[in-house]
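A quick write-up on the structure given underneath.
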Amino acid sequence: MSLQDELTAVERSLAELVRSVGRLEQRVGTGLEIRRVRSDTDHLRESIALLKEGTTGTPPGRAGVADADMVTIPDAPYDATLWTDAEDEGLGAKDRHAP
């Protein structure tokens, strides 16, 4: 069985799971637990779509993104005045001391 066949089989199984969760939701109501299960099935569907995307030659997460949208960041140092009032994350400002 090819990779595409495997992914298609997983999609079919997942579609059946989604239908089963829908039937279960009708029986037990829309509580927190069933919302979590529905959320999990949605995440699985997204993950399978990403896997399928990755097997078609398009890198995952790059579908439909044009190279023109890429922004080049220069290697030149930033202007130091941009960071005049900035604090080092987790360390605080240079001129202050910890309590």
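Only heavy atoms go into these numbers, but all of them, side chains included; no hydrogens, no water, no symmetry mates.
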CG on L7 to CD1 on I48, rounded to 0.5 Å: 6.0 Å

If every non-hydrogen atom of D79 is compared with every non-hydrogen atom of T81, which pair is closest and at what distance? OD2-OG1, 2.7 Å

Dump the intermediate steps for side chain to side chain contact (heavy atoms under 4.5 Å, CB included) on K52 and T8, then the final yes or no. CA-CA 9 Å; K52 259 188 130 169; T8 302; 4.2 Å; yes

Should L32 and V28 be counted in the same cluster of Ile, Leu, Val, Met, Phe, Trp and Tyr side chains packed under 4.5 Å apart? no

Indicate whether any N or O donor in one side chain lies under 3.5 Å from an N or O acceptor in the other, for D5 and S2. yes

Quick one: does R38's side chain get under 4.5 Å of D42's, heavy atoms only? yes

Measuring only between side-chain heavy atoms, which start at C-beta, is R45 closer than 4.5 Å to E11? no

Residues E33, R36: salt bridge by 4.0 Å N-O rule: no

Do side-chain atoms of S39 reach the backbone of R35 as a donor and acceptor pair under 3.5 angstrom? no

For R23 and S20, does a side-chain donor sit closer than 3.5 Å to a side-chain acceptor? yes

From CD (Q26) to CD1 (I34), nearest 0.5 Å: 10.5 Å

Of the non-hydrogen atoms in L44 and L14, which two are nearest, and what is the gap between them? C-CD2, 3.7 Å

